[in-house]
Every structure is written in C-alpha cells, then in structure tokens.
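Worksheet for the structure shown next.
Note that the coordinates shown come from a computational prediction; the quantities given were computed from them, not determined experimentally. Letters A, B, ... mirror the listed sequences (proteins, then strands); counts begin at 1.
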Amino acid sequence: MITFSLNGDSVSFKGDPNTPLLWVIRDDFKLKGSKFGCGAGLCGACTMHLDGAAIKTCVLPVAAAANKKVTTIEGLGNPEALHPLQAAWVKHNVPQCGYCQSGQIMAAAALIADKPDASSDDIDQAMSGNICRCGCYPRIKAAIASVAGNSQSYDATAVEATS
Amino acid sequence: MSGQSLSRRHFLKTSGMVGGGIVVAVALPGCAFNGPHPIEVTDAGFIPNAFLQIAPDNKITFYCPSDEMGQGIRTGLATIIGEELDVDPANMLVQAAGSHEDYNNPEFRVQGTGGSNAVRVFYQPLRQVGADTRALLLNAAALDLGIPSEQLLTDDGFIVAGDRRYPYGDFVDTASSLEMPVATSLKAPSNFQYIGADAPRVDALAKATGTASFGIDTDLPGMVYAVVVRPPVAGSKALKFDDSAARIAPGVLDIVAVSSGIAVVAERYWQAYQAAKKITVDWEKRPLSSVTSTQVRQDLSAALEANDDTESSHVGDPEKAFAEADRILETDYYAPFLAHAPMEPLNATLRITENGADLWTGVQFVGAAQGVLERLTGLPRGDIKIHNQFLGGGFGRRATLSHIVEVAEIAMSIDKPVQLLWSREDDLRHGFYRPAAMMKIKAAANNEGRITAWQARRSGANITAQTMKNALPGVLPSLPTGLLNGLVGAMDYVFDNWAVDASSVEGLHETYSLPSYRVSHASVDHGLPTTFWRSVGHSYTSFAVESMMDELAEARQIDPVALRLKNLEDKPRMKNVVAQAGRLMAAMTVPENHHLGFAAHSSFGTDVAQIAQVSVTDGNIRVHKVTCVVDCGLAVNPDIVRAQLEGAVMFALTATLYGQIDLDDGAVVQSNFHNYPILRMNESPAVDVVIINSQTPPTGIGEPGVPPLAPAVANAVYRATGQRLRDLPLKLA
C-alpha cells in the first residue's frame with residue numbers, strides 16, 4: 001500500500017505500484033483536472049507538483065510518490081479562491097480548447113514559487129516541456145510574466161487599423 | 001402582445017408544463033422541429049426556444065448549438081444572442097446543447113461544427129431568437145406592470161421602467177402564456193454593446209481551474225475502460241490473434257473483436273493498456289501494405305507528368321496567353337500527410353440501458369454521432385442522447401466518427417458502461433490525415449507584374465468521398481447498408497473519373513483576379529484515411545500559390561507586395577488587407593540578420609495577410625514574429641479573433657517546420673511527440689494582429705490564419721538564404 005499526501009489529505013493506494021500517478025489520481029481518486037496527453041512525459045498535460053517540483057505524472061509510478069506531497073490543479077486553487085496564475089490566465093483570456101492548461105499552470109506555478117521574478121528566458125525554459133496544440137503560448141507567457149512582475153518582457157498589444 | 005400569426009418557418013410549440021413555466025420551442029429558418037424538446041429541465045424555468053432558458057431567479061442559460069473546441073464559439077454565440085436579448089454574455093450560463101434537430105447547423109443541415117462557419121451561419125438566426133425573446137419579455141412585463149411596452153427598456157437581464165429594474169425572471173410565468181413575437185426588428189450595429197467589444201471567454205475560468213469537463217473526464221458508476229489494438233496498416237483485418245496472455249492480465253474483464261481491431265476491456269485504463277500489449281495479431285496484407293512515403297511522392301508526380309488530371313475550372317484561354325508570354329515559370333510544390341494531434345486523445349463513453357443510450361464524448365458532428373448510434377444499436381433516435389463535452393482540440397479530427405463506432409461495438413458486447421480511450425500512439429498511427437499534395441503551378445506575368453496566364457494542377461487523395469464514407473452511416477442512419485455502400489462507391493467513382501473534389505483544389509486561384517487560368521486535379525489515393533485538417537485544401541494550396549507569387553515578383557524584379565496588389569483589381573477587400581500589411585512591412589525595422597516574408601490568402605470568406613520575421617542560423621529556421629492583418633467582417637469578439645490568429649500561426653508553424661507523417665510498408669512511422677514534434681513555447685514567435693474595422697457580417701476565423709504562414713516563412717527563408725524551398729516541411733539544403 002502506498003500512502004501520500006494529495007492536496008493536503010493523506011490518501012492510500014492499494015493497486016499496482018507501477019501504475020502511473022496520473023491514472024491513480026484520475027481513476028481512483030477521481031480528480032480529473034490533470035490530463036492525459038502522450039503517456040510518455042513529452043507534453044506536460046499531466047503535470048503535478050511532487051513536494052513542490054513540477055513533474056510529469058503519466059510516466060511516474062505511483063510508488064515514487066510514497067510519503068510525498070502531491071498537488072494537483074484542484075489543490076492549487078479553485079474558482080472561488082484562485083491562485084494568482086489562474087487569475088492571470090482568466091485576465092489574459094489564455095485558454096482555447098483548455099485541455100493542456102492545468103499542466104501549463106502547474107508548470108508555471110512551480111516556476112513562480114522557485115523564481116518569483118522569472119525572466120522571459122526563465123519562462124521559455126520552464127515552459128518548454130508543455131505543449132499547447134492550440135498555440136496559446138503568447139498569452140501563457142504574458143500571463144506568467146504579469147505574475148512575475150515583468151509584463152514588459154512580452155508586448156501582447158495589437159494595433160488596430162481602419163479600412 | 002404582438003398577436004402575430006405563426007409562420008411555418010418560425011413557429012411556437014407548447015410541449016408541456018414545467019414547474020412554474022412552460023416549454024416552447026422555436027425552430028431556426030431552414031430547420032424542422034420534431035420530437036421531444038432537447039433541453040432536460042431540472043428546475044422551474046421558462047424555455048422560450050431551444051436556445052434559452054430563463055429561470056424565475058433570473059438565471060439565464062444559453063444552449064450553444066456549436067461545439068467548443070477552443071475557437072471560442074460558446075463566447076461568440078452567447079455574445080450574438082445576448083446582444084439582442086440584452087444580457088451580458090458574462091452573466092449567462094452557457095452550456096453545450098443536447099442532440100436535436102433544432103441545433104442543426106443551418107448550412108450543414110445536421111448538427112455539427114466545422115468549416116469556420118458557426119459565427120457566420122448563426123449570426124442572423126441567433127440575433128433573431130434573442131430579439132424575439134426580448135420582445136416577448138417586454139410584452140409580459142407590460143401586462144404585469146400595467147405599463148405600455150413602448151415605455152419599457154431592457155438592460156442586462158432586467159426590464160427597466162423609469163428608475164425601477166425588474167429581473168427578466170419576474171415575468172416568465174406571464175411570458176409563458178403569450179405568443180412569441182416573430183421577425184422583431186434587430187439592433188443597428190451602431191447600437192451594439194457586446195458585439196464588437198473585447199470580453200472574457202465564458203469558459204476561461206473553468207479551463208484555468210481544471211473544472212472544465214472533457215469527454216475523457218466522464219466517470220460513471222460501474223464504468224469500465226477499453227483500449228483497441230489496431231492494425232499497423234489502415235483497414236487491415238485480423239487473420240488470427242492470440243489473447244491468452246492478455247486475458248489473464250490484472251483487471252482484464254473481456255476481449256472482443258471489433259471492426260477496427262481487438263478491444264481489451266478492463267477495470268482500469270492502465271490495466272487495459274498494459275494487457276493490450278500482450279496480444280499478438282496476424283494482420284492481412286492490403287494494397288497499402290507496401291506503400292512508402294517516397295512512393296507516394298513519386299506517384300503524385302507521375303500522375304501530373306502523365307496528364308492524368310481532370311479540369312476543375314477555367315477562365316479565358318490560358319494556353320493562348322502562355323503562348324503569348326515572354327517568360328513562363330513552372331514549378332512543383334509538395335506537402336506531406338499530416339496528423340491533427342489534438343491534445344485530448346480521442347475517447348468516448350457509452351452507456352446502453354433498456355431506456356436508451358447516452359454518449360459522453362467530444363465530437364464535431366453531434367448529429368452524425370447520434371445517427372451512427374441509431375444505426376449500430378437499433379435504438380430509436382429520440383432515445384439516444386449525446387452529451388457533448390468540451391473538445392480538447394478538434395482541427396477536423398473530431399469530425400470523424402471512428403471513436404463512436406468503436407465504443408458502440410464494445411458497449412454492445414459487454415453490457416456495462418464503457419469508456420474507450422485512444423493512446424497518443426493510436427492517435428498518430430491510426431488517424432485520418434491531411435492528404436499529401438503535389439502541386440504544379442505554371443504562371444506568366446508581364447513586366448508590370450500583371451499575371452496573364454495561370455495553370456494550377458494538384459494530385460493526391462480526395463477527402464470528401466473518404467469523409468462521407470465515415471459520416472454517411474451517421475447522417476443517413478436508416479439507409480440500408482447495401483445502398484449506403486453503393487452511394488459511397490459511386491462517390492469514389494465520380495471523384496476518380498469525372499469531377500474534381502472542390503476541397504482538393506480550393507485556394508489554387510481564388511485569391512487573385514486572374515484574366516486566364518485553368519485548375520485541374522489528378523486523384524491518387526493510396527488508401528491512407530484522410531479528412532479535414534484545419535483549413536483543408538488551403539493548408540497546402542496557399543503554400544504553392546504564395547510561393548509562386550514571390551517567384552514571379554523576383555523574375556520580374558518587382559516588390560512582392562506590389563505584384564500582389566497588381567493582381568487584386570476586383571478583390572477590394574483583399575487588396576485593402578494586402579495594402580495595409582504592405583505598409584506595416586515597409587515600416588518594419590529588423591535586426592540585420594532577420595528577414596521578412598509576405599503571404600496572403602483568402603479562405604472561409606476571410607482575407608488574411610501575414611508577415612513573417614525570420615532568421616536562419618546554422619541551418620536552423622527561427623521565426624521571431626508574425627504580423628497578421630485580417631478582414632473577417634465584423635469581429636464579434638476581437639480578442640478571440642486575435643487569439644485565433646495567434647493559435648493559427650503556431651499550428652501552421654508546426655506544420656511548416658516539422659509536420660510530416662511518413663509511411664513505411666504502409667504503416668505510419670511517427671508515434672508520439674518525440675518524432676511528431678509540436679512547436680513549443682521556446683520556439684514560438686510573437687504575434688501581432690491587426691483587425692480591419694468592418695461592419696459587414698462576420699466571416700470565418702478558426703481556419704483562415706493557417707494558410708498564409710508557410711509561404712510567408714518560405715519567402716523569408718529565400719531572402720535569408722537564397723534557397724527557394726518548395727517542399728513542406730521546410731528543410732534547408
């Protein structure tokens with residue numbers, strides 16, 4: 001039996017210890033905010049925090065989470081109490097299809113916790129493991145930069161023209 | 001009340017009492033209402049039509065007929081209906097509509113989302129629904145308050161009488177007893193307060209908190225999970241298979257043969273996925289089984305060399321004009337097969353009981369999904385409910401029904417609610433693909449840059465017949481299988497021999513005013529399934545046409561933007577877009593090693609020009625910034641228009657730099673994001689979007705940003721390196 005902390009609650013899993021953490025969280029603990037995208041640690045849709053570090057859980061055996069703290073998007077914030085990044089996501093109208101955004105936000109939250117004043121290059125580097133097929137990158141970057149207090153690093157304004 | 005009589009095309013129907021209100025339905029022009037009302041009412045409320053529900057507590061719900069796959073359609077259509085209803089879309093609850101003819105796409109005549117048409121086709125009808133419903137509420141308020149309706153105003157869900165404000169919900173009882181006014185006059189665009197304004201997406205909060213529900217998030221009591229082992233070569237059948245090791249694997253409940261392969265059903269997804277690897281199968285050989293990507297390219301070339309093409313359209317006498325030209329360019333351009341790779345792998349959850357079937361999934365073709373379940377289960381259509389969830393990306397991939405057919409076959413054989421889930425490998429190897437295309441463009445321009453003759457020929461597979469093979473069983477659920485197969489076979493025959501599938505050649509001439517042109521097509525289909533891929537034929541034709549425009553400009557030593565303007569005489573909207581973009585480009589200052597490339601393309605009624613700012617270092621192409629100028633008519637939500645252009649640039653840049661599905665012995669080589677890479681943030685350009693200010697009705701925006709990007713980048717790479725790259729993805733020598 002594997003015991004770990006899930007968003008602050010102690011939980012136990014009795015199944016195959018090789019089961020990826022993602023499927024334990026989704027199918028056994030029924031938290032559906034973390035997504036399945038590739039099953040190979042290549043896209044980041046499944047990103048959670050393990051003791052505060054962003055980690056791709058579709059390839060992480062649940063055994064590796066034993067006695068550690070797992071945080072999912074549900075534990076980061078909720079519609080009534082948003083994490084500053086979630087508020088920035090809404091303000092910048094970031095999501096399109098939205099499927100990758102839990103993973104994007106979890107990767108960004110780990111970055112901001114580690115480097116509250118992350119630079120544009122820091123953001124590029126930290127976020128390059130998370131794919132967004134809709135191509136929301138300019139807005140993801142602007143949202144993170146606004147929380148990091150360096151919004152000037154990305155100019156999202158567009159000029160309007162008149163025919 | 002208005003007392004207007006009910007017309008055949010726009011009628012009111014009382015179908016039952018619900019709590020304190022009644023249920024009535026109004027059909028859109030061109031749609032027929034029949035059967036039970038699609039909205040399942042769980043609390044008291046007034047439902048004046050299929051799209052709106054107004055509760056006594058003034059909760060206003062909009063049932064969105066188009067599928068949200070990221071394009072912002074729930075926000076866009078809520079804005080359109082909210083404008084005339086006088087409710088801020090941010091204050092509405094916006095939900096996916098159920099499956100019902102009332103929600104048919106007025107152009108497709110079936111419930112579905114695609115072709116960048118939703119805002120265009122629902123713009124007028126949903127405004128009318130909003131205006132009529134608002135007029136009804138005003139009539140009800142006039143009766144209840146004893147004030148003539150002319151003295152009442154509305155504001156964001158309230159009736160305003162002098163300095164008093166009454167929620168719409170106060171009047172639903174009275175409203176439910178009145179006749180729905182029809183053909184209420186609509187607002188003048190100058191009075192719009194929501195349409196045309198930047199506003200938050202109605203789904204942003206849910207998607208930023210992990211609470212938005214996608215098909216994959218469906219979780220039913222007693223639900224089991226299924227994965228399917230599919231043949232490496234599309235369409236192969238299993239000759240024999242050994243599932244003995246899989247059957248004793250942990251959690252496995254059953255293994256069943258389905259028409260696409262062998263399904264493994266287990267208590268958990270992970271168990272099904274692990275067990276599926278233990279199955280060994282002998283697959284039959286198909287004609288496709290010996291095909292390689294190299295051969296596809298050769299066959300597409302050979303078809304054009306052999307003049308196997310059929311004319312699609314022509315104007316004037318291009319052969320005569322070529323004979324009179326002093327300089328002719330003729331070049332080949334090639335684009336490979338591509339996968340859609342939406343982030344949410346295909347999935348579907350189906351529960352069949354004695355009362356009917358319930359499907360939870362993400363599909364762009366709700367009507368056909370309902371029809372295919374009707375055909376496969378034999379249940380009456382009214383007993384089949386489609387609970388369409390947020391789509392984790394569509395791009396055309398979810399316009400197909402393969403996942404619906406599979407889950408139906410599995411659910412019918414195991415008697416439990418079942419969730420089918422594809423892996424990423426399944427998605428990339430067993431999909432429907434953007435067909436490969438060889439394009440031969442022959443063109444002559446005079447020394448002023450005016451094109452005098454144009455010939456555009458394309459070879460490759462046609463998607464319409466293939467897509468209809470997939471969709472027809474759902475669109476025509478009661479058509480006997482024999483007739484259906486005959487219809488599909490006839491369609492293949494027609495496109496192979498007589499007529500040209502319009503989607504195969506779209507974009508080869510339409511952007512410009514050409515005094516003489518001929519467009520033709522040679523069908524070459526190796527049997528790999530193909531379908532719509534964001535911007536469809538335009539995704540490759542624009543690459544050929546817009547590369548050729550720059551080649552012509554160079555041959556005549558004319559500025560590429562000036563040459564385009566010379567050939568847009570009777571295309572005023574695109575001419576303006578190109579002129580505006582040209583002025584922006586002329587004013588750009590870029591670092592010494594950066595180079596600019598230009599391209600423009602019309603698709604889905606929308607005109608887009610793009611300027612790519614590119615550098616090439618050690619053979620690596622880097623796109624730093626893309627500036628887009630777009631005329632899509634009135635921008636219902638300009639911020640979403642900008643987002644669609646930003647996303648289209650990224651989607652198209654992936655295809656431009658990396659996108660390639662290869663075949664080896666008929667099997668798709670690429671399997672996951674390590675060998676089918678998607679652009680990442682550290683490779684992504686900044687995007688600027690300029691929206692032409694327009695009051696004309698809105699046109700498409702989901703797809704038109706894709707086509708110009710590849711040629712804009714290729715044209716910039718030529719300036720940077722002198723290498724004219726005519727194959728996608730772009731690879732420097």
Side-chain angles (χ1 to χ4, degrees), chain A residues 15-16 19-20 23 27-28 30-40 42-43 45 72-74 77-79 82 86-87 89-91 93-102 105 123-125 127-141 154-155 158-163, chain B residues 69-72 200-201 203-214 216-217 219 250 268-270 341-345 390-394 421 423-424 576 580 629 631 639-640 642-643 646-651 672-674 678-682 684 686-694:
Chain A
D16 179 355
T19 308
W23 296 112
D27 292 349
D28 290 276
K30 310 291 186 192
L31 294 180
K32 303 289 189 179
S34 310
K35 303 303 187 196
F36 167 58
C38 68
L42 296 167
C43 79
T72 69
I73 186 77
E74 291 88 351
N78 60 62
L82 295 175
Q86 292 173 312
W89 245 246
V90 174
K91 178 167 176 280
N93 250 354
V94 171
Q96 290 189 28
C97 91
Y99 191 77
C100 74
Q101 299 298 348
S102 296
I105 290 170
I123 296 171
D124 271 352
Q125 196 162 2
M127 301 303 292
S128 65
N130 289 72
I131 292 173
C132 175
R133 184 63 165 140
C134 300
C136 302
Y137 299 128
R139 288 167 190 250
I140 293 171
K141 198 165 175 179
Y154 178 73
D155 177 11
V159 249
E160 295 272 344
T162 307
S163 56
Chain B
M69 46 190 153
Q71 81 279 42
R201 290 179 65 110
D203 53 359
L205 183 66
K207 288 175 174 178
T209 51
T211 55
S213 189
F214 298 83
I216 197 174
D217 301 329
D219 207 318
R268 287 285 183 272
Y269 166 73
W270 183 248
M343 290 311 297
E344 181 193 13
F390 281 115
L391 278 62
L421 179 55
S423 67
R424 179 58 57 192
N576 177 54
Q580 299 261 9
V629 178
D631 191 335
D639 196 48
I640 292 180
R642 284 191 286 272
E646 291 160 9
V649 163
M650 305 302 163
F651 193 87
N672 209 317
F673 295 128
H674 65 290
I678 307 294
L679 196 81
R680 292 170 185 271
M681 183 187 282
N682 59 327
S684 68
V687 180
D688 267 358
V689 178
V690 177
I691 303 169
I692 301 292
N693 192 358
S694 169

Exercise for review: Could you walk me through whether B/Arg201 and A/Gln96 pass side-chain contact (heavy atoms from CB on, under 4.5 Å), step by step?
Suggested key: CA-CA 9 Å; B/Arg201 290 179 65 110; A/Gln96 290 189 28; 4.2 Å; yes
Point to revise | side-chain contact (heavy atoms from CB on, under 4.5 Å) between B/Met681 and A/Lys141, intermediate numbers included | key: CA-CA 8 Å; B/Met681 183 187 282; A/Lys141 198 165 175 179; 4.2 Å; yes
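A distance of 7.5 Å separates CD1 of B/Ile216 from NZ of A/Lys35, quoted to the nearest 0.5 Å. Here the CZ-CZ distance, from B/Arg424 to A/Phe36, works out to 7.5 Å after rounding to the nearest 0.5 Å. Rounding to the nearest 0.5 angstrom, the gap separating the CG atom in B/Asn682 from the CD1 atom in A/Ile123 is 12.5 Å.
Listed by chain and number, the residues in a side chain to side chain donor-acceptor pair (under 3.5 Å) with A/Gln101 are A/Trp89 (sequence neighbours excluded).
Of all heavy-atom pairs between A/Lys32 and B/Asp217, the closest is O-OD1, 3.3 Å. Here the closest non-hydrogen pair linking A/Ser102 and B/Gly210 is OG-CA, 3.6 Å. Nearest heavy-atom pair, A/Leu42 versus B/Arg680, reported as atom, atom and distance to 0.1 Å: O-NH2, 2.7 Å. Closest heavy-atom contact between B/Leu205 and A/Pro79: CD2-CB, 4.0 Å. Annotation for B/Gly392 and A/Cys97: closest pair C-SG, 3.5 Å, computed over non-hydrogen atoms. Of all the heavy atoms in B/Ala204 and A/Pro95, the pair that sits closest is O-CG, 4.0 Å.
Using a 4.5 Å cut-off between heavy atoms, B/Met343 contacts chain A through both its backbone and its side chain. Contacts of A/Ile131 with chain B are made by both backbone and side-chain atoms, with heavy-atom separations under 4.5 Å. Of the two parts of B/Ala212, only the backbone, made up of N, CA, C and O, holds a non-hydrogen atom closer than 4.5 Å to a non-hydrogen atom of chain A. Heavy-atom distances place the backbone of B/Leu391, and not its side chain, under 4.5 Å from chain A. No part of A/Leu31 comes within reach of chain B, as not one of its non-hydrogen atoms sits under 4.5 angstrom from that chain.
For A/Tyr99 (side chain) and B/Phe214 (main-chain N/O), no donor-acceptor pair under 3.5 Å exists by modelled atom type.
Below 30°, between 30° and 60°, or above 60°: for A/Trp23 and B/Tyr269 the angle between ring planes is between 30° and 60°, a tilted geometry.
Ranked by heavy-atom pairs shorter than 4.5 Å toward chain B, the options A/Gly39, A/Ser128, A/Cys132 are led by A/Ser128. In terms of heavy-atom pairs under 4.5 Å with chain B, the best-connected choice from A/Ala45, A/Cys38, A/Cys134 is A/Cys38. If you tally non-hydrogen atom pairs under 4.5 Å between each of B/Met69, B/Lys207, B/Met650 and chain A, the highest count goes to B/Lys207. Chain B forms more heavy-atom pairs under 4.5 Å with one residue of A/Thr19, A/Val90, A/Ile73, A/Asp27 than with any other, namely A/Asp27. Note: B/Leu421 leads B/Val649, B/Leu421, B/Val629, B/Ile640 in heavy-atom pairs under 4.5 Å with chain A. Comparing A/Gly135, A/Gly33, A/Ala40, A/Cys43 by how many heavy-atom pairs each has under 4.5 Å with chain B, the most go to A/Gly135.
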